[in-house]
2 protein chains.
Amino acid sequence: MPVTVLLVDDEPLVRAGLRAVLEAQPDIEVVGEAADGAAVIPLVRQLRPDVVAMDVRMPLLDGIEATRAVLRTVDQPPKILVVTTFENDEYVYEALRAGADGFLLKRARPAEIVHAVRLVAEGESLLFPASVRRLAAEYGDGDGGNRAAREVLARARLTEREAEVLRLMARGLSNAEIAARLVVGTETVKSHVSAVLAKLGARDRTQAVITAYESGFVAPG
Amino acid sequence: MPVTVLLVDDEPLVRAGLRAVLEAQPDIEVVGEAADGAAVIPLVRQLRPDVVAMDVRMPLLDGIEATRAVLRTVDQPPKILVVTTFENDEYVYEALRAGADGFLLKRARPAEIVHAVRLVAEGESLLFPASVRRLAAEYGDGDGGNRAAREVLARARLTEREAEVLRLMARGLSNAEIAARLVVGTETVKSHVSAVLAKLGARDRTQAVITAYESGFVAPG
DNA sequence: CATCGGCTCCCCCGTGCGGGGGAGGCCGAT
DNA sequence: ATCGGCCTCCCCCGCACGGGGGAGCCGATG
């Protein structure tokens with residue numbers, strides 16, 4: 001019997017694309033679609049798909065919360081494949097920690113999308129398969145500029161605390177506000193900020209935030 | 001005879017989605033695809049499509065340059081429909097100024113995508129049709145948070161100069177660098193920056209840049 | 001004509017920011 | 001037991017940033 005798939009993405013176009021790619025396979029069947037995370041749970045209960053292809057960034061309920069909700073409330077839950085645009089998207093990592101079984105780059109070739117669905121359906125969790133890394137590498141220079149930012153942030157090797165600070169910087173918080181949020185002294189925050197700036201090669205916090213956006217470390221929407 | 005369409009987008013998934021939506025129409029035919037702007041010109045010459053559905057943000061050659069190149073080098077050029085994610089994407093306006101005939105939101109419903117293609121094919125230029133404005137308005141609250149940023153920037157009514165300054169701020173330039181770039185005094189830049197901060201409700205340039213990203217005024221990638 | 005908005009430039013002023021140091025405590029690895 | 005990485009906090013210091021004013025020039029609008 002075929003692998004059944006539920007598509008969850010707020011853009012109809014992406015759903016149509018996934019449907020077109022997957023329906024072309026005789027052994028894969030798209031059994032339903034949802035436009036936001038809130039609609040996922042009832043649909044999963046009703047349709048009992050083998051795989052849910054879930055966008056991370058969605059209105060109402062994002063992919064992370066939706067993943068948690070499905071795994072928590074549904075018994076014999078489906079495999080969850082997180083769909084994303086950026087390979088460094090921190091939300092993806094959160095989703096994987098939340099229990100997702102794999103992730104899928106939107107710019108992957110159709111064959112690789114199909115492959116990913118089949119793999120997770122078989123119970124393989126493809127967290128960081130070589131193929132995806134290679135894909136990211138292959139994507140090479142033709143990337144309109146933010147590849148550099150991704151490189152920088154990938155090589156930056158930020159510590160957990162520094163990443164946390166950068167995240168708050170990217171939300172517009174001042175050093176004092178970050179200090180209050182993290183319950184540490186402002187001097188401590190300044191240390192972390194300086195470390196972040198040094199590692200990212202940024203001159204000031206604005207440039208650091210730009211790098212965060214350009215790299216996909218944080219993303220609009 | 002059917003309307004012939006050439007799809008140009010760097011994401012295979014989006015191409016597949018557009019193809020699925022358009023091919024479902026008996027009077028529309030997708031005659032080709034390209035993954036970047038550089039491949040567009042030879043394909044247009046070879047395939048002579050009625051409409052080119054072109055992503056703005058692409059590797060190698062973006063939609064703006066590709067639009068210019070097509071209109072400049074091809075006689076009896078096709079209608080160009082710019083495809084974008086954000087309604088406030090400044091690149092879209094640039095593309096429209098470059099000669100594109102209309103624009104298309106990726107989150108539009110299939111029926112509206114089809115409608116847009118038919119319209120431009122008939123020679124109607126749908127720069128800011130009521131339907132699109134309505135669509136943006138209808139999209140309403142289910143928008144993961146950056147709707148607020150869009151609202152702010154839409155209501156901000158930045159002057160041309162202020163928008164230019166915000167653009168440079170979002171590229172990480174200091175006031176002095178912006179002044180040099182625009183060939184004005186730093187005091188002038190400070191005036192513009194202050195105006196931008198006030199209009200955006202931002203406390204500092206970092207918050208302004210965040211709003212710029214969240215609203216789609218500038219976008220990563 | 002007068003008015004208004006946009007662009008330009010100027011002043012003063014306080015402070016948050018970032019650089020350059022140093023230092024202690026904790027912990028895992030060697 | 002020692003080393004190194006991380007987190008924490010401290011000092012001094014210079015400056016770019018941003019707020020709050022004001023002012024002249026211009027073109028469009030009335």
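Computed from heavy atoms alone, side chains included, the values below leave out hydrogens, waters and symmetry copies. Numbered from 1 within each chain, the chains take letters A, B, ... in sequence-line order.
- Distance NE2/A:H192 to CD/A:E162: 7.0 Å, rounded to 0.5 Å.
- D:dA16 atom P lies 18 Å from atom CG of B:L197, rounded to whole Å.
- Using a 4.0 Å cut-off, no side-chain N or O of B:S191 falls inside it from OP1 or OP2 of C:dT8.
- Under 4.0 angstrom from either OP1 or OP2 of D:dT8 there lies at least one side-chain N or O belonging to A:H192.
- Closest approach of B:M169 to B:A208, counting heavy atoms only: CE-CB, 3.9 Å.
- Between the CD atom of A:E160 and the P atom of C:dC27 there is a distance of 16 Å, given to the nearest Å.
- Rounded to a whole Å, the NZ atom of B:K199 is 17 Å from the C1' atom of D:dG18.
- Heavy-atom minimum distance, B:P78 versus B:P49: CB-O, 3.2 Å.
- The shortest distance between the side-chain N/O atoms of B:R205 and the OP1/OP2 oxygens of D:dA16 is not below 4.0 Å.
- Atom C1' of nucleotide C:dC7 and atom CD of B:E164 are separated by 14 Å, given to the nearest angstrom.
- For B:E162 and C:dT8, the CD to C1' distance is 13 Å, given to the nearest whole Å.
- Computed from coordinates, the B:L166 CG to D:dG18 P distance equals 12 Å when rounded to whole Å.
- Listed pair B:N175 / D:dA16 fails the phosphate criterion, with no side-chain N or O lying under 4.0 Å from OP1 or OP2.
- Note that the CG atom of B:L18 and the CD1 atom of B:I113 stand 6.0 Å from one another [nearest 0.5 Å].
- In this structure, A:L158 atom CG and D:dG5 atom P are separated by 16 Å, rounded to whole Å.
- In this structure, the NZ atom of A:K190 is 16 Å from the P atom of D:dT8, given to the nearest Å.
- Considering CZ of B:R171 and CD of B:E177, their distance stands at 11.0 Å, rounded to 0.5 Å.
- At the phosphate of D:dG5, neither OP1 nor OP2 sits under 4.0 Å from any side-chain N or O atom of A:T159.
- If you take CZ on B:R161 and CG on B:L182, they are separated by 4.5 Å, rounding to the nearest 0.5 Å.
- Contacts of residues 177-189 of chain A with DNA chain D (heavy atom under 4.0 Å): A:V184, A:G185, A:E187, A:T188.
- Taking 4.0 angstrom as the limit, A:R161 places a side-chain polar atom (N or O) nearer than this to OP1 or OP2 of D:dT8.
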Stepwise, does the salt bridge (charged side-chain N to carboxylate O under 4.0 Å, His left out) test hold for A:E164 with A:R167? CA-CA 5 Å; A:E164 182 69 21; A:R167 214 169 293 134; 2.7 Å; yes
